[in-house]
Amino acid sequence: MARQLAVQVHNAGGSLRVLSTKPMPGTQWIQALTSVGCRVEICTEPKTILSVEDIVSLIGTKCDGVIGQLTEDWGDTLFGALKKAGGHAYSNMAVGYNNVDVDAATRHGISVGNTPGVLTETTAELAASLTLAAARRVVEADDFMRAGKYEGWLPTLFVGNLLKGQTVGIIGAGRIGTAYARMMVEGFKMNVIYYDLYQSTRLEKFVSAYGEFLKSQGEAPVHWRRASSPEEVLKEADVISLHPVLDKTTYHLINKERLALMKKEAVLVNASRGPVVDEVALVEHLKANPMFRVGLDVFEDEPYMKPGLGDLPNAVVVPHIASASKWTREGMATLAAQNVAAKLKGYPVWPNSNNIEPFLDENNPAPAAAPSIVNAKALGLPVGDGKTKAKL
Ligand SMILES: NC(=O)C1=CN([C@@H]2O[C@H](COP(=O)(O)OP(=O)(O)OC[C@H]3O[C@@H](n4cnc5c(N)ncnc54)[C@H](O)[C@@H]3O)[C@@H](O)[C@H]2O)C=CC1
Ligand SMILES: O=C(O)C(=O)CO
C-alpha cells in the first residue's frame with residue numbers, strides 16, 4: 001500500500017476533484033478550477049518525480065481530472081486508475097507530451113491537454129542563450145576567472161566563434177524553432193537553413209522581408225533555404241539548434257554518423273528533448289573534436305547525463321530550464337488547468353491552439369473552451385467558434 005502523500009487543498013467543498021501532482025507557479029490556474037466548482041488538491045511531497053504508484057495513490061477512488069508533469073509516466077495504468085475514479089480529463093503542464101500514451105488515454109475516454117505557445121519565446125531565448133554561451137565559451141571563461149587563473153589579456157584567450165553572417169540551421173521549424181531562427185537572424189544577421197516535415201512559410205517570409213530591409217539600409221541581406229534532409233542542414237550550418245517533437249522519427253535524430261557530417265567547429269544546441277540526440281555518441285564526438293561545442297538543456301536520461309559529458313569544457317549544460325520564465329510557467333499552469341476545467345464543464349476545444357493569448361489575460365474572461373487537447377479528434381470532442389467568452 002503506497003503511503004499517503006501530502007496534499008494542499010483549495011475549495012475543499014468543491015463538487016469536482018482535480019489533482020495537481022506538483023505545486024505550480026501563480027494563482028490564476030487555481031482560480032480557473034475553483035471558479036467552476038472544483039476542489040483542487042496539490043501534491044506537496046518534496047519528491048521531485050512521482051512514481052506511477054504515488055499518482056495512483058493520489059488519484060484514489062474519486063478524481064475527475066489531473067494536471068501532471070512531463071517527468072511522469074502517463075500510460076494505461078494511470079489513465080485506467082483515473083477512469084476507474086470517474087475521471088475524464090488530464091493535462092500535461094508542458095507542450096511536449098512524449099511522456100503520455102495518448103492512445104491509452106483515448107481508450108479510457110480521457111482527454112489529454114498540453115500547453116502550446118505560452119513557452120515559445122522563453123524557450124527560444126534559452127536556446128539562443130546556450131548558442132552564445134557555447135560559441136563564445138562563456139562558462140569556461142567564468143570558471144577560469146573564479147579559479148583565479150586570469151593573469152591578463154591575451155590574443156588567444158578563450159577565442160570562440162563569430163555568429164554574424166554565419167549560417168544557423170534549424171531542425172524542427174515549428175513554433176519554437178521559428179522563434180529561435182528569427183532571434184538569430186534579427187540579432188546576428190545569420191542566414192537560415194532549416195529542415196522540417198512541413199514548409200515554414202512564416203519563417204521564409206520573415207527572413208525574406210528582413211533581407212529586403214537590410215538591403216534598404218545598404219547592408220548585406222540575409223537568406224533562407226529549406227533543406228530536403230537533416231544531413232543538408234548539418235553539413236552547411238555553423239550553428240544547429242534542435243526543436244522537433246520527440247517521437248519515433250526523431251529519436252536519436254542526431255547520431256554518430258550525422259555528428260561526423262558537421263563542421264569541426266560547429267555549435268549544436270538542444271532545447272527540445274534529450275533522446276533526439278544519441279548522447280553517448282555526442283560525448284565521444286566532443287572528446288575527439290575540442291573545437292566542436294554544445295549547449296544542452298535536455299538529456300537522454302534526465303536527470304542524469306551520460307558518463308563523461310559533465311567533464312567536458314566544450315559542453316554547456318543546464319537542467320531543463322528553457323521554459324523557466326515567470327510569465328511562461330504561470331501561463332503553462334493556467335493553460336493546463338483550463339484544459340481540465342473546460343473538459344469537465346463540457347466546453348468545446350479552442351479552434352486555434354497557436355493563438356492561446358485569450359486564455360492568459362487576467363483582466364478579461366477566458367474563452368469557454370479548452371486551449372489545447374491533443375486527442376480531441378480521436379475523442380470526437382466539439383471544436384468551438386473561438387468567440388464564446390465566459391469566465392472559466
Ligand atoms: N526544453 C524545454 O524546456 C522545452 C522543450 N520543448 C520541446 O520542444 C518541442 C517543440 O515545441 P514547439 O515548437 O512548440 O512544437 P511544434 O509542434 O510547433 O514544432 C515541432 C516541429 O517539429 C517538426 N517535426 C516533427 N517530426 C520531425 C522530424 N522527423 N524531422 C524534423 N522536424 C520534425 C514538426 O513538423 C513541427 O514543425 C516540444 O515538443 C518539446 O518536446 C518545448 C518547450 C520547452
Ligand atoms: O513544455 C515542454 O515540453 C517542456 O519541456 C517544459 O519546459
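Remember, it's a predicted structure, so these values are computed and weren't measured experimentally. Atoms within each ligand, like the ligands themselves, are counted from 1 in listed order.
- Distance from atom 25 (C) of ligand 1 to its nearest protein heavy atom, with residue and atom name: V245 CG2, 3.7 Å.
- N289 places no side-chain N or O within donor-acceptor distance of the main-chain N or O of M291, the cut-off being under 3.5 Å.
- Taking the six-membered ring where tryptophan is involved, the planes of F292 and H285 are perpendicular, since the angle between them exceeds 60° and thus also 30°.
- Between K189 and E219, none of the side-chain N atoms (NZ, or NE/NH1/NH2) sits under 4.0 Å from a carboxylate O, so this pair counts as no salt bridge.
- Each of the following atoms of ligand 1 lies closer than 4.0 Å to a heavy atom of S323: 3 (O).
- Less than 4.0 angstrom separates some heavy atom of H320 from each of these atoms of ligand 1: 1 (N), 2 (C), 3 (O).
- Close contacts between ligand 1 and T250 involve ligand atoms 26 (N), 27 (C), 28 (C), 29 (N) [criterion: under 4.0 Å to a heavy atom].
- Scanning the protein for heavy atoms near atom 1 (O) of ligand 2, the closest one is V95 N, 2.8 Å.
- Atoms of ligand 1 found under 4.0 Å from any heavy atom of A271, numbered from 1 in the order shown, are 1 (N), 2 (C), 4 (C), 5 (C), 6 (N).
- Below 30°, between 30° and 60°, or above 60°: for Y180 and H243 the angle between ring planes is between 30° and 60°, a tilted geometry.
- Counting atoms of ligand 1 from 1 in the listed order, those under 4.0 Å from a heavy atom of Y195 are 30 (N), 31 (C).
- Less than 4.0 angstrom separates some heavy atom of L119 from each of these atoms of ligand 2: 1 (O).
- Side-chain atoms of N99 come within 3.5 Å of backbone N or O of Q69 as a donor-acceptor pair.
- Dense packing is recorded around CZ of R39, with more than 12 heavy atoms of other residues, nucleotides or ligands lying under 6.0 Å away.
- Close approach of ligand 1 to Y198 is summarised as follows: ligand atoms under 4.0 Å from at least one heavy atom of the residue are 35 (O).
- A salt bridge links K326 with E330: the distance from a Lys NZ or Arg NE/NH1/NH2 to an Asp or Glu carboxylate oxygen falls below 4.0 Å.
- Ion pair R107/D76 flagged as a salt bridge, since at least one NZ, NE, NH1 or NH2 atom sits closer than 4.0 Å to an Asp/Glu carboxylate oxygen.
- Given atom 19 (O) of ligand 1, the protein heavy atom at minimum distance is G174 CA, 3.4 Å.
- Closest to atom 44 (C) of ligand 1 by heavy atom, among T249, I321, V298, T123, is T123.
- Protein heavy atom at the shortest distance from atom 35 (O) of ligand 1 is D196 OD1, 2.6 Å.
- From the protein, the heavy atom lying nearest to atom 26 (N) of ligand 1 is L197 CD1, 3.5 Å.
- W29 places no side-chain N or O within donor-acceptor distance of the main-chain N or O of M332, the cut-off being under 3.5 Å.
- Numbered from 1 in the order shown, with element, the atoms of ligand 2 that lie under 4.0 Å from a heavy atom of H320 read 4 (C), 5 (O), 7 (O).
- In terms of protein heavy atoms, atom 9 (C) of ligand 1 is closest to P244 O, 3.6 Å.
- Residue nearest to atom 41 (O) of ligand 1, selected from Q199, M332, R273: R273 (by heavy-atom distance).
- Applying the 4.0 Å criterion to heavy atoms of G96 picks out, from ligand 2, the atoms 1 (O), 2 (C), 3 (O).
- If you check which protein heavy atom lies closest to atom 3 (O) of ligand 2, you get R273 NH2, 2.7 Å.
- Side-chain contact between K343 and L381: present, with at least one pair of heavy atoms (C-beta onward) separated by less than 4.5 Å.
- The protein heavy-atom contact nearest to atom 7 (O) of ligand 2 is S323 OG, 2.6 Å.
- Residues T21 and E45 form no side-chain contact, since every pair of their non-hydrogen atoms from C-beta on lies 4.5 Å or further apart.
- Side chain of N114 to main chain of V95: a donor-acceptor pair is present (N/O by atom type, distance under 3.5 Å, no hydrogens or angles).
- Shown in contact with L70 at under 4.0 Å from a heavy atom are these atoms of ligand 2, numbered in order with element: 4 (C), 5 (O), 6 (C).
- Checking I176, L296, T178, D297 against atom 13 (O) of ligand 1, the nearest heavy atom belongs to I176.
- The pair R17-E41 meets the salt-bridge criterion, since a charged nitrogen lies less than 4.0 angstrom from a carboxylate oxygen.
- Considering backbone and side-chain N/O atoms, T115 never comes within less than 3.5 Å of an N/O atom of ligand 2.
- Here the heavy atom of the protein found nearest to atom 20 (C) of ligand 1 is H243 O, 3.7 Å.
- Between F158 and F144, the angle of the ring planes goes over 60°, which puts this pair in the perpendicular group of the 30/60° scheme.
- Here the protein heavy atom with the shortest distance to atom 18 (O) of ligand 1 is R175 N, 2.9 Å.
- When only non-hydrogen protein atoms are considered, atom 7 (C) of ligand 1 lies nearest to S272 O, 3.6 Å.
- Taking 4.5 Å as the limit, every side-chain heavy atom of V36 sits out of range of all side-chain heavy atoms of L344.
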